[in-house]
Visitor: 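Sharing a structure with you now.
We're numbering straight along the sequence, starting at 1. Atom set for the values below is all heavy atoms of this structure, side chains included, hydrogens, waters and symmetry mates excluded.
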Amino acid sequence: MRDLVAGMRYLGKGQRWVAGHGRWWGFGLIPALITLVLYGAVLTVLALWSGDIAAWATPFADDWGSPWQGLVRGVFVALLFAGALMLSVLTFTAVTLVIGDPFYESLSEQVEKSEGHCPDGPDRPLWQEIWIALRDSVHVLLRAAAFGILLFALGFVPFIGQTVVPVIAFCVNGFFLAVELTSVAMQRRDIPVRERLRLLRGRKALAVGFGTPIVLLFLIPFVAVALMPGAVAGATLLVRDLVAGDEDEAPDAKGDAGRPVAGGPYGQPAAPYGQPAPQGQPAPYGQPAPYGQPAPYGQPAPGRPAPGGFGPPPGPYPPRQGH
């Protein structure tokens, strides 16, 4: 229950962030407006042709009398339009993110910078970033479609199909919508889509609490456009906390690749090869230690007895003198 409430709070935090950064809110509206026009056209065509689609899909009812034929085909049209509307809610985010990848990447980066640290994304060209976003969206949508088909079939079950199934459908759509919205910040961290799904499955209530209110709000015309920038901002904040354990290391304890340098004490880098170790640390293997420091294994320290405890090690044999 705590995660469920926390997910809702992230949505509120994202909306407050864009409210305080009006320029970025307007910037994030552009791809959502483009997608809204496209989806509006598709849903309008579906509404105009829904009667013909229902007649084609229910030929067994051609000889039925009134009111049964109209009732069956009316239920089919209602389910078809409801399914299309739910699918558009889910795919709206995916299509908008693909269209607006450069927009939302910039928005997400700005959110992270305002929070104190923005991880460097992978060095890839724009076309490759868009291709990866499209491929990952298709992967997520195929999984969501499998659940959608099952829930659509269960919708015909009396009572359960009209009460329990819609609630489950909203929660499932909310989870997958959260996966889509977090993909911007996850992709910057180069987290593959399967790992994203695993992370959010481990915190299902958090993902459902974040995504389900967005699904419900997106059902209101034009609300999806207004909320989209804040949804991306909230998803970015969610990702920062979800994967915070991987980003807690100090920058000065990392190497060029952003990983801790091996060989030093925990949280500290080892001395570069060929240079003496800092005070209080052992020298790298194969190099003499400064006076008063422990020597590497197998080598005597300067000014100390040789192994065995019989005094300093013997010097080189003196050269033979002439008579």
Visitor: For Phe156 and Phe152, take the angle between the two ring planes, folded into 0 to 90°, and tell me which bin it lands in: parallel under 30, tilted 30 to 60, perpendicular over 60.
Guide: perpendicular
Visitor: Roughly how far, to the nearest 0.5 Å, is the CD1 atom of Ile168 from the CG atom of Leu154?
Guide: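 One gets 8.0 Å once the value is rounded to the nearest 0.5 Å.
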Visitor: Would Val208 end up clustered with Leu216 when hydrophobic side chains under 4.5 Å apart are linked, directly or stepwise?
Guide: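 Yes; Leu216 is reachable from Val208 via cluster members.
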Visitor: Can you check whether Asp52's main-chain N or O pairs, donor with acceptor, with Arg73's side chain at less than 3.5 Å?
Guide: no
Visitor: Just checking, any donor-acceptor pair under 3.5 angstrom between side chains of His139 and Arg143?
Guide: yes
Visitor: Side-chain heavy atoms under 4.5 angstrom apart, residues restricted to Ile, Leu, Val, Met, Phe, Trp, Tyr: same cluster for Leu33 and Leu227?
Guide: yes
Visitor: Could you tell me whether a side-chain N or O of Arg203 sits under 3.5 Å from a main-chain N or O of Asp3, the two making a donor and an acceptor?
Guide: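 Absent.
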Visitor: Can you tell me if CZ on Phe147 sees more than 12 non-hydrogen neighbours from other groups inside 6.0 Å?
Guide: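 Open.
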Visitor: Is it true that atom CZ of Phe60 has more than 12 heavy atoms of other residues, nucleotides or ligands lying nearer than 6.0 Å?
Guide: yes
Visitor: Between Val165 and Val157, does the side chain to side chain contact (heavy atoms under 4.5 Å, CB included) criterion hold? Intermediate values first, please.
Guide: CA-CA 9 Å; Val165 172; Val157 178; over 6 Å; no
Visitor: Would you compute the distance between atom CG of Leu134 and atom CG of Leu97 and round it to the nearest 0.5 angstrom?
Guide: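 That separation rounds to 11.5 Å.
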Visitor: If you look at every heavy atom in Arg240 and His117, which pair is closest and at what distance?
Guide: NH1-O, 2.6 Å
Visitor: Does the side chain of Leu46 come within less than 4.5 Å of Ile53's, by heavy atoms?
Guide: yes
Visitor: Measuring only between side-chain heavy atoms, which start at C-beta, is Leu242 closer than 4.5 Å to Leu200?
Guide: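 When only atoms from C-beta onward are counted, Leu200 and Leu242 do touch, with a gap below 4.5 Å.
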Visitor: Is there a path of hydrophobic side-chain contacts, each under 4.5 Å between heavy atoms of I/L/V/M/F/W/Y residues, joining Leu43 to Ile220?
Guide: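 Both belong to a single hydrophobic cluster.
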Visitor: May I ask you to check whether over 12 heavy atoms, not counting those of Ile160, lie within 6.0 Å of atom CD1?
Guide: no
Visitor: Contact between Gln187 and Val193 at the side-chain level, heavy atoms closer than 4.5 Å - yes or no?
Guide: no
Visitor: Under the criterion side chain to side chain contact (heavy atoms under 4.5 Å, CB included), which of Val225, Thr96, Val98 is the partner of Thr35?
Guide: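 Per the side chain to side chain contact (heavy atoms under 4.5 Å, CB included) rule, the option paired with Thr35 is Thr96, out of Val225, Thr96, Val98.
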Visitor: Please name the pair of heavy atoms, one in Val179 and one in Thr182, separated by the smallest distance, quoted to 0.1 Å.
Guide: O-OG1, 3.1 Å
Visitor: Atom CD1 in Ile214, atom CZ in Phe92: separation rounded to 0.5 Å?
Guide: 12.0 Å
Visitor: Is any side-chain heavy atom of Tyr39 closer than 4.5 Å to one of Val95?
Guide: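 When only atoms from C-beta onward are counted, Tyr39 and Val95 do touch, with a gap below 4.5 Å.
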Visitor: Between Ser108 and Glu105 (side chain of the first, backbone of the second, donor and acceptor by atom type, cut-off under 3.5 Å), is there such a pair?
Guide: no
Visitor: Once you round to the nearest 0.5 Å, how far does CZ of Arg196 lie from CZ of Arg201?
Guide: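 CZ of Arg201 is found 13.5 Å from CZ of Arg196.
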Visitor: Looking only at heavy atoms, which two atoms of Gly28 and Pro229 are closest? And how far apart?
Guide: C-CG, 3.6 Å
Visitor: With a 3.5 Å distance limit and no angle check, can you tell me whether Arg189 reaches the backbone of Pro119 through a side-chain donor-acceptor pair?
Guide: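 No: the side chain of Arg189 does not pair with the backbone of Pro119.
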Visitor: Got Leu38 and Ile99 here, is their nearest side-chain heavy-atom distance under 4.5 Å?
Guide: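 Yes, close enough: below the 4.5 Å cut-off.
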Visitor: I'd like to know if the side chain of Trp25 reaches the main chain of Ala226, judged simply by a donor and an acceptor atom lying under 3.5 Å from each other, with no hydrogens or angles considered.
Guide: yes
Visitor: If hydrophobic clusters are built from ILVMFWY residues whose side chains come within less than 4.5 Å, do Leu79 and Val215 share one?
Guide: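 Cluster IDs for Leu79 and Val215 differ.
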Visitor: Measure the shortest side-chain to side-chain distance between His21 and Trp17 over non-hydrogen atoms and say whether it is less than 4.5 angstrom.
Guide: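 The answer is yes; the side chains approach within 4.5 Å.
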Visitor: Check the pair Arg188, Glu112 against side chain to side chain contact (heavy atoms under 4.5 Å, CB included), reporting the backbone distance first and the verdict last.
Guide: CA-CA 11 Å; Arg188 184 182 308 111; Glu112 300 224 47; 2.4 Å; yes
Visitor: Indicate yes or no for a side-chain donor-acceptor contact from Trp24 to the backbone of Gly20 under 3.5 Å, with no hydrogens or angles considered.
Guide: no
Visitor: Can you measure from CG (Leu4) to NZ (Lys204) and round to the nearest 0.5 angstrom?
Guide: 13.5 Å
Visitor: Taking all atoms of both residues into account, what is the closest heavy-atom pair of Leu151 and Ala169, and its distance?
Guide: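 Heavy-atom minimum between the residues: CD1-CA, 3.6 Å.
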Visitor: What distance separates Arg194 CZ from Asp136 CG, expressed to the nearest 0.5 Å?
Guide: 9.5 Å
Visitor: Which heavy atom of Ser106 sits nearest to which heavy atom of Phe27, and what is that distance?
Guide: CB-CE2, 4.2 Å
Visitor: Are Leu217 and Val5 connected in a single hydrophobic cluster, I mean Ile/Leu/Val/Met/Phe/Trp/Tyr linked by side-chain heavy atoms less than 4.5 Å apart?
Guide: no
Visitor: Quick one, Phe159 and Val164 - any side-chain contact, counting heavy atoms below 4.5 Å?
Guide: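 Side-chain contact under 4.5 Å: no.
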Visitor: Got a donor-acceptor contact below 3.5 angstrom from the Thr212 side chain to the Gly209 backbone?
Guide: no
Visitor: Considering non-hydrogen atoms only, spot the tightest contact between Phe210 and Ala231 and give its length.
Guide: CZ-O, 3.5 Å
